[in-house]
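Presented below is the structure to which this report refers.
What you see below is based on every heavy atom in this structure, not just the backbone, and it leaves out hydrogens, waters and symmetry mates.
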Amino acid sequence: MYLADRSAPAGAKAAPDRGSGRAPAVASTVLALGTVSLITDVSSEMVTAVLPLYLIAGLGLSPLGFGALDGLYNGVSALVQLTGGHLADRVRNHKLVAGIGYGLSALCKPLLLLAHTLGPISVILALERTGKGLRTAPRDALISLSTPDELQGRAFGVHRAMDTTGALLGPLAAFLILGVAVDGYDAVFGVSACVAVLGVVVLMLFVPSGAGDTPPRRAAAPAAARPNPVRLRDAAGLLRLPRLRALALCAVLLGLTTVSDAFVYLLLQRRTGMDDQWFPLLPLGTAAVFLLLAVPAGALADRIGRRTVFLTGHALLLAAYGLLLLAPDWPALPYLVLALHGMFYAATDGVLPAAVAATVPESLRATGLALVGTGQALARFGCSLAFGGAWTLWGTGPALAAAAAGLLCCAAVAGFVLRPAPPAPSEPPVPDPARRP
């Protein structure tokens, strides 16, 4: 949906069709989806902020068990991303598929009030992540399709900043609820369910939809036959794109050494001896820095290159690992680690989909985003399992040292793989099924 200028071709600057003569910098679709993500993230992060402590301190789960559950939490979402992306491209209604995903996640939140053992909680979390997997690629495709190519980084940065505002408010709400409610965890889960329903309502009312979610390419184009549906072999053909293969490979390699946020916060708590009551506030540090830098990082990536910003983000994550391993017990240590953690997300979370969107045809945009997102999430699933096992067997220091060494090696490989290619004859593009004769 090109809401800034429905008659303009993708990638072109909008014509001065309104009084100001200037198109908005960010499409209204991006702002509407950002609002939905903000509300939904308040709900999700309220649960995420208390979940590690609830499972480990409350239910007595071991680090290995938590690593397996955390991996499941992300791995289910990864596997479903492919389904969500392909389905959205096939039915040509990205909002519908995204809405199903948001709705499923909202339905799972009140079920946490009924589950107080590990088995039911695992099933509920898996279903909630199924909803996230369904919605992620269609949502990002809507952002990409409503934005010119040269502004993709800025658009994703704006969305991620709004999303991160929710990530900032969610842990704060959980902290306040835990402080005043008698049954603190149940109160957090109940409020989270109400907020999730509000996010679905906003999506239905304020995110526009239309046939195919994209405008005709020319205002005066003659009526054309309905495009052929996207097939699985069309999606598989995306892997013939060298740049997309390179991005997917690097996302997987770096995901294998990206320790999950929950483990970072647990490591920081144990390193500093922080009291349990302050634990839900740790994600606030990451979210605040992410919020401040997401838009500038996206705009910088549009100017100087997404590869440079993406790899710099992983260098910042490596610095955070180094501080957790080697720094003395400074009073400023938590602030430094959380700042580096937030800078890592600002430089990578929106930049990667912006880079992917630039390589994929419009009719396969959600599928291409899902391919790379699935690879990255599955890699992080493996990292959660491996890190939880290493922590249980060897302790926190050796486990984090192994992750840091792996990140250094994988970042070097990614820098080589993503290096600018020398000029060469262009390869035949992947056929766009929406434009078959």
Side-chain angles (χ1 to χ4, degrees), residues 71 74-75 78 81 136-137 140 144 152-153 156-157 160 238-261 263-264 286 290 293-294 297-325 340-360 368-387 399-422 424 427:
N74 294 295
Q81 273 195 57
T136 297
D140 284 352
S144 168
Q152 294 278 329
F156 278 103
R160 296 317 195 251
L238 288 173
L239 296 176
R240 297 200 304 267
L241 291 170
R243 195 64 177 173
L244 186 65
R245 286 202 307 268
L247 287 168
L249 173 63
C250 293
V252 169
L253 285 176
L254 294 167
L256 287 171
T257 56
T258 302
V259 176
S260 77
D261 297 356
F263 276 129
V264 170
T286 296
F290 190 1
L293 298 181
L300 182 65
D302 288 335
R303 280 202 309 273
I304 70 173
R306 291 154 191 160
R307 167 186 179 269
T308 301
V309 175
F310 184 69
L311 294 176
T312 300
H314 285 87
L316 294 169
L317 179 63
L318 183 62
Y321 289 175
L323 286 178
L324 285 172
L325 274 171
L340 290 169
H341 201 225
M343 293 164 69
F344 156 69
Y345 276 114
T348 59
D349 196 61
V351 173
L352 179 61
V356 173
T359 70
V360 180
L369 288 163
L371 281 172
V372 176
T374 296
Q376 182 183 58
L378 286 176
R380 290 183 176 180
F381 167 80
C383 183
S384 289
L385 288 177
F387 189 83
L400 189 57
L407 178 57
L408 180 61
C409 295
C410 291
V413 172
F416 176 78
V417 171
L418 294 177
R419 71 192 186 283
E427 298 182 9

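Only one option out of V309, D302, I304 pairs with R306 in a side-chain contact (heavy atoms from CB on, under 4.5 Å); it is D302.
Rounding to the nearest 0.5 angstrom, the gap separating the NE2 atom in H341 from the OG1 atom in T286 is 5.0 Å. Taking SG of C250 as the reference point, atom CZ of F416 lies at 11.0 Å (rounded to 0.5 Å). Rounded to the nearest 0.5 angstrom, Y321 OH and L318 CG are separated by 8.5 Å.
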Notebook entry, point to check: Could you walk me through whether R380 and D261 pass the salt bridge (charged side-chain N to carboxylate O under 4.0 Å, His left out) check?
Noted result: CA-CA 11 Å; R380 290 183 176 180; D261 297 356; over 6 Å; no
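Side-chain atoms of V252 and Q376, non-hydrogen and from C-beta on, never get closer than 4.5 Å to each other. Looking only at side-chain heavy atoms (C-beta outward), L400 and F263 stay at 4.5 Å or farther from each other. L352 places none of its side-chain heavy atoms less than 4.5 Å from the side chain of F156. With contacts defined as side-chain heavy-atom distances shorter than 4.5 Å, the pair T258/L317 qualifies.
Panel note: side chain Q152, backbone S144; a donor-acceptor pair is recorded below 3.5 Å. Between the T374 side chain and the L371 main chain, no donor and acceptor come within less than 3.5 Å of each other.
Taking the ring axis of F310 as reference, the NZ or CZ atom of R307 does not stay both within 45° of it and closer than 6.0 Å to the ring centre.
Taking the six-membered ring where tryptophan is involved, the planes of F290 and Y345 are essentially parallel, since the angle between them stays under 30° and well short of 60°.
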